[in-house]
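Step one of this worksheet: look at the structure below.
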Amino acid sequence: MRPRIVLGTLTALATLLSVTACGSGSAANSAGGNPYQLVEAGTIHVGTLSDAPPNVYLKDGKFTGFDNDLFTAVAAKIGLKVQFASTDFSALLSQVANHKFDVGSSSITITEARKKTVDFSNGYDFGYFGLDVPAGSPVSTFDQLSGKRVVVVQGTVQDDYATKNNLNPVRVPDYNSALNQLKAGTVEAWISPAEIGEKSAADSGGKVVLAQKRLSPAPTAFAVAHDHAKLLEALNKALDQVIADGTWTKLQEQYYPGRPVPADFKPGSGSVAFAPVTGAAASPTS
């Protein structure tokens, strides 16, 4: 009887060890299956806008534009699927900070004030402030905006600019609303991201013109929550990869054909060589 008891005991012990080992493995796999602390393992949820071409917009039901196509390429380098969702810009950074979204993608200019809410990836693009006015308007420069009724999208750096320059702006939640105010004549000018303002003017049938543009003081970047350091590191590494493999240049040429590139602008970490943008000479810094 003793051999059978010993054998049975050993069998039970082996089974227990096997179950324990499997359990430990599952726990380890579970812990390691979401190293970037995403809302959903394997999929990165991105907050963006739907009405700001050519930067971020919807086309045939698909989120696209320079920023979103670039981010999709970045996520692919990390092996992550991308799920975009539309939101208002004024809410985007707090939604990233509160983990509703893993990332914010919407030509977000890096500012010291915004750094208090989120962290930023390395800069991936430069941008200009645009001055959109109705066709035939006497307003042609930013210096003429004092005392004028000006519209901006709430929470943007254009909003900051208008506030700092005591323009008492009309604030709206999205770019379509800003453009509609201008077309309706309820405002005299719209301070826009110039790429968006230029596209809106081109699509207006001659009703709106981009009167002037000036270089934004800081680059644009993807926004990430403060406690997502591993994700931020991975995004920065992948961003350099899509710059090095020519994707960044290809998307620049696709969405901003002929747009001047500032002589001192270097995307990503700044340490990666990138192909020059065809037909886009270096621009002045003002």
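The chain is numbered in sequence order, starting from 1. Heavy atoms only: backbone and side chains are in, while hydrogens, waters and symmetry mates are out.
- Within 6.0 Å of the CD atom in E233, the count of heavy atoms belonging to other residues, nucleotides or ligands does not exceed 12.
- When ring centroids are compared, F71 and Y124 stay outside the 6.0 Å threshold.
- Cluster annotation: L210 is not connected to V157 through the hydrophobic network of ILVMFWY side chains, with a link wherever side-chain heavy atoms come within less than 4.5 Å.
- A donor-acceptor pair is defined here as one N or O able to donate and one able to accept, closer than 3.5 Å; no such pair exists between the side chain of Q181 and the backbone of A178.
- Under 4.0 Å is where a charged nitrogen must lie from a carboxylate oxygen, and between E112 and K115 at least one such pair does.
- Between the side chain of S200 and the main chain of G197, no donor-acceptor pair closer than 3.5 Å is present.
- Between the side chains of T87 and Q95, a donor-acceptor pair is found at a separation under 3.5 Å.
- Screening I243, N236, L232 for a side chain to side chain contact (heavy atoms under 4.5 Å, CB included) involving N122 leaves a single residue, N236.
- Atom CG of residue D240 and atom CZ of residue F274 lie 11.5 Å apart, to the nearest 0.5 angstrom.
- By the salt bridge (charged side-chain N to carboxylate O under 4.0 Å, His left out) test, K148 is found to be paired with no residue, residues two or more places apart in sequence or in another chain being considered.
- Judged by distance alone, the side chain of R214 and the main-chain N or O of G130 form no donor-acceptor pair under 3.5 Å.
- Using modelled atom types and a 3.5 Å distance limit, the side chains of T43 and Q83 yield no donor-acceptor pair.
- Considering V133, V139, N166 in turn, V139 is the only one that fulfils the side chain to side chain contact (heavy atoms under 4.5 Å, CB included) rule with L145.
- Atom NZ of K183 has more than 12 neighbouring heavy atoms from other residues, nucleotides or ligands inside a 6.0 Å radius.
- At a cut-off of 3.5 Å, with distance as the only test, no side-chain donor of N55 or Y255 sits close to an acceptor on the other residue.
- Counted by atom type alone, S105 and D67 present zero donor-acceptor pairs between their side chains at under 3.5 Å.
- Checked options D102, V46, L70; the residue passing with F222 is L70 (criterion: side chain to side chain contact (heavy atoms under 4.5 Å, CB included)).
- Judged by distance alone, the side chains of E253 and T249 never bring a donor and an acceptor atom under 3.5 Å apart.
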Inset, instruction - Decide side chain to side chain donor-acceptor pair (under 3.5 Å) for R171 and T163; before the verdict, give the C-alpha distance in whole Å, the side-chain angles of both, and the deciding distance to 0.1 Å. - result: CA-CA 11 Å; R171 295 179 175 88; T163 301; 2.9 Å; yes

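- Each of L215 and V152 belongs to its own hydrophobic cluster when Ile, Leu, Val, Met, Phe, Trp and Tyr are linked at side-chain heavy-atom distances under 4.5 angstrom.
- Every residue was checked against the salt bridge (charged side-chain N to carboxylate O under 4.0 Å, His left out) condition with D119, not counting sequence neighbours, and none meets it.
- Residues P134 and K207 fail the side-chain proximity criterion, which asks for heavy atoms closer than 4.5 Å.
- A distance of 9.5 Å separates CG in L58 from OG1 in T64, rounded to the nearest 0.5 Å.
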Inset, instruction - Might you work through the side chain to side chain contact (heavy atoms under 4.5 Å, CB included) test for V103 and L235, ending with a clear yes or no? - result: CA-CA 10 Å; V103 170; L235 290 178; 4.0 Å; yes

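- Taking all atoms of both residues into account, the shortest heavy-atom contact from K199 to P54 is CB-CD, 4.0 Å.
- Annotation for D203: atom CG counts as buried by contact number, over 12 foreign heavy atoms lying within 6.0 Å.
- Residues satisfying the salt bridge (charged side-chain N to carboxylate O under 4.0 Å, His left out) test with K250, not counting sequence neighbours, are none.
- Residues K77 and V242 are in side-chain contact: their nearest non-hydrogen atoms beyond the backbone lie under 4.5 Å apart.
- T278 places none of its side-chain heavy atoms less than 4.5 Å from the side chain of Q252.
- Nearest heavy-atom pair across A221 and S121 is CB-O, 3.4 Å.
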Inset, instruction - Would you sort out whether D159 and I191 count as a side chain to side chain contact (heavy atoms under 4.5 Å, CB included), showing the intermediate values? - result: CA-CA 8 Å; D159 186 354; I191 303 176; over 6 Å; no

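- Using a distance-only test at 3.5 Å, with no hydrogens or angles considered, a donor-acceptor pair links the side chain of S94 to the main chain of A91.
- Ring geometry for F142 against Y161 counts as perpendicular: the plane angle is over 60°, on a 0 to 90° scale with 30° as the lower cut.
- Atoms OG and CG, on S50 and D174 in that order, are 7.5 Å from each other to the nearest 0.5 Å.
- Using a 4.5 Å cut-off on side-chain heavy atoms (C-beta onward), F129 and S216 make contact.
- Atom OH of Y128 is separated from atom CD of E195 by 8.0 Å, given to the nearest 0.5 angstrom.
- If you take CD on Q212 and CD on Q144, they are separated by 8.5 Å, rounding to the nearest 0.5 Å.
- Using a 4.0 Å cut-off between charged side-chain N and carboxylate O, D125 and R259 make a salt bridge.
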Inset, instruction - Please lay out, stage by stage, how V261 and Y256 fare under the test side chain to side chain contact (heavy atoms under 4.5 Å, CB included). - result: CA-CA 10 Å; V261 178; Y256 312 124; over 6 Å; no

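- Taking hydrophobic clusters as Ile, Leu, Val, Met, Phe, Trp and Tyr residues chained together by side-chain heavy-atom distances below 4.5 Å, I44 shares a cluster with I78.
- For the salt bridge (charged side-chain N to carboxylate O under 4.0 Å, His left out) condition, no pair includes a residue of residues 43-62, sequence neighbours left out.
- For R149, there are no salt bridge (charged side-chain N to carboxylate O under 4.0 Å, His left out) partners two or more places apart in sequence or in a different chain.
- Interatomic distance, NE2 of H228 versus CG of L38, reported as 6.5 Å (0.5 Å rounding).
- Residue G33 comes nearest to A41 through the heavy atom pair O-CB, 3.7 Å, listed as atom of the first residue, atom of the second, then distance.
- Clustering of Ile, Leu, Val, Met, Phe, Trp and Tyr side chains at separations under 4.5 Å places L182 together with L49, V56, F89, L92, L93, V96, F101, I108, I110, V118, F120, V151, V153, V170, V172, Y175, L179, V187, W190, I196, V208.
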Inset, instruction - Determine, stepwise, if the pair K213 / E198 fulfils side chain to side chain contact (heavy atoms under 4.5 Å, CB included). - result: CA-CA 9 Å; K213 61 182 180 180; E198 190 168 26; 4.2 Å; yes

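- The closest side-chain donor-acceptor pair between D245 and T247 falls under 3.5 angstrom.
- Considering every non-hydrogen atom in both T48 and F63, the closest pair reads CG2-CD2, 3.6 Å.
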